[in-house]
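Source: prediction; values computed, not measured. Values reported hereafter were calculated over all heavy atoms of this structure, with side chains retained and with hydrogens, waters and symmetry mates removed.
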Amino acid sequence: MQDVMSKNEIVYGIRRLNVIERLNIITDIWDEIKESQELEIVSEDDKRLLLSRLANYRANPESATEWAELRQEVHDRYAEKS
């Protein structure tokens with residue numbers, strides 16, 4: 001029989017991790033979600049928000065931050081200092 005953790009146990013375990021470890025989990029989960037078919041339904045409000053952000057990016061692409069750069073910035077800011 002397989003042990004299954006409750007949502008509360010999972011959240012508690014995640015909260016005990018440092019910021020970088022939590023960001024890595026978020027990234028892993030997001031990558032799995034992107035590959036799934038569960039995102040096929042997008043609300044009209046979300047569509048408007050996404051289209052607005054896309055328009056803002058297209059009007060001013062140099063204002064965007066590359067994911068690798070943003071991830072490094074977060075790492076540098078929140079990584080535990082040795």
Which atom pairs, one a donor and one an acceptor, fall under 3.5 Å between side chains of residues 54-64 and the rest of the protein, sequence neighbours left out?
unit_1	atom_1	unit_2	atom_2	d
Asn56	ND2	Ser52	O	3.4
Ser63	OG	Asn60	O	2.7

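Here the straight-line distance linking atom CG of Asn24 with atom CD of Glu21 works out to 8.0 Å at 0.5 Å rounding. Between the CG atom in Leu23 and the NE2 atom in His75 there is a gap of 10.0 Å [rounded to 0.5 Å]. One finds the CZ atom of Arg53 at 11.5 Å from the CG atom of Leu51 (value rounded to the nearest 0.5 Å). To the nearest 0.5 angstrom, Asp45 atom CG is 8.5 Å from Leu49 atom CG.
Residues meeting the side-chain hydrogen bond (donor to acceptor under 3.5 Å, both in side chains) test with Asp28, sequence neighbours left out: none.
What you find for Arg15 and Arg22 is that their closest heavy atoms are CA-CD, 4.5 Å. When every heavy atom of Met5 is checked against every heavy atom of Glu9, the shortest pair comes out as CA-OE1, 3.2 Å. The shortest heavy-atom contact between Asn18 and Ile20 is OD1-N, 3.0 Å.
More than 12 heavy atoms of other shown residues, nucleotides or ligands fall within 6.0 angstrom of atom CD in Gln72.
In the hydrophobic clustering of this structure, Leu17 groups with Ile29; members are Ile, Leu, Val, Met, Phe, Trp, Tyr whose side-chain heavy atoms approach within less than 4.5 Å, directly or through other members. Hydrophobic clustering (side-chain heavy atoms under 4.5 Å, transitive across Ile, Leu, Val, Met, Phe, Trp, Tyr) groups Ile25 together with Ile10.
Residues Thr27 and Trp67 meet the side-chain proximity criterion, which asks for heavy atoms closer than 4.5 Å.
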Take Glu44 and Lys47 through the side chain to side chain contact (heavy atoms under 4.5 Å, CB included) test and state the conclusion after the steps.
-> CA-CA 5 Å; Glu44 289 302 315; Lys47 285 179 187 177; 3.4 Å; yes
